[in-house]
Each structure stands twice: as structure tokens, then as C-alpha cells.
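This report refers to the structure that appears directly beneath it.
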Amino acid sequence: MGTRFLLLLLLGLSLLLGLLQALECFQCHRVNASGVCESGESFCQTQGSQQCFLRKVYEGDRFLYGYQGCGDLCLPMSFFRQNARVDFVCCSDSSFCNKL
Ligand SMILES: *[C@@H]1O[C@H](CO)[C@@H](O)[C@H](O)[C@H]1NC(C)=O
């Protein structure tokens, strides 16, 4: 039993560490069409199951503005409304992965 138990313990620990590992994300209340953060520029650190997110708002093919931050329950998806489209992007593979 010895080695197998140890392996399981190591596996459990590494999963736990992976979950608890905090990421740094870009945070911005409004990124304008040139990709410049116009207000609320800072960084945030994910807690628990949070991920970095990026929301992008388009009108037709034109990028209008975006948001960046740390968030819970981020579902990667796009939704459409008339001519506008909002893309939700979430990532947790590396720090600052929510770069615009
Ligand atoms: C975005 O913001 C920068 C800095 O304020 C400004 O120079 C640029 O013209 C803005 N771009 C748009 C498309 O508004």
C-alpha cells in the first residue's frame, strides 16, 4: 500500500495547489477601441475558482470597447443583440492571459 498511498497523496496535493494558485489578471473598467485602458486600470488576483476574464463588445465587425478583470463563473460565450456582439473570454492558464 505504501507507494500507492504516497502517489495518491501527492496527486491530491498537486491538484489542491493547482486550484489554490492565484493568477494575476489585468483589470480595466473600459478599454477603448484602440486597446487603451481609459478608466480603472489596475491588476487583480484570482481567489479560489476565479479566472481572468475579458469581455469584448463589437458593433458589426467594429470593436467598440472591452472590460478586463477577475471573476467567478465565467462562461466562454458570445451573444448577439441586433447588430452588437459581446464576447466573453475566460482563461486561467497563465497570469495576464486576459490581455486584449
Ligand atoms: C483611446 O484612448 C487613448 C488615450 O486616451 C486615445 O488616445 C485614443 O484616441 C482612444 N481611442 C479611441 C478609438 O477612442
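This chain uses plain numbering: 1 for the first residue, then up along the sequence. Just so you know, ligand 1 is whichever comes first in the structure, and atom 1 is the first atom listed for that ligand.
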- Note on the structure: The closest protein heavy-atom partner of atom 4 (C) of ligand 1 is V36 CG1, 3.8 Å

- SG to SG, are C97 and C52 under 2.5 angstrom apart? no

- Message: Please check this pair: side chain of T46 against backbone of L23, looking for a donor-acceptor N/O pair closer than 3.5 Å.
- Response: yes

- Task: Indicate whether atom 7 (O) of ligand 1 is within a distance of less than 4.0 angstrom of some protein heavy atom.
- Result: no

- Query: What atoms of ligand 1 come within less than 4.0 Å of a heavy atom belonging to A33?
  - Reply: 13 (C)

- Item | For E38, the ligand 1 atoms whose distance to one of its heavy atoms is below 4.0 Å | 1 (C), 2 (O)

- Measure the shortest side-chain to side-chain distance between K56 and L100 over non-hydrogen atoms and say whether it is less than 4.5 angstrom. yes

- Heavy-atom nearest neighbour in the protein, as seen from atom 1 (C) of ligand 1, with distance rounded to 0.1 Å: N32 ND2, 1.4 Å

- Under 6.0 Å from the CZ atom of F26, do we count more than 12 heavy atoms belonging to anything else shown? yes

- Message: Please list, in number order, the atoms of ligand 1 under 4.0 Å from a heavy atom of S34.
- Response: 1 (C), 8 (C), 10 (C), 11 (N), 12 (C), 13 (C)

- Message: Within this structure, what is the CZ-CE distance for the pair F88 and M77, rounded to the nearest 0.5 Å?
- Response: 4.5 Å

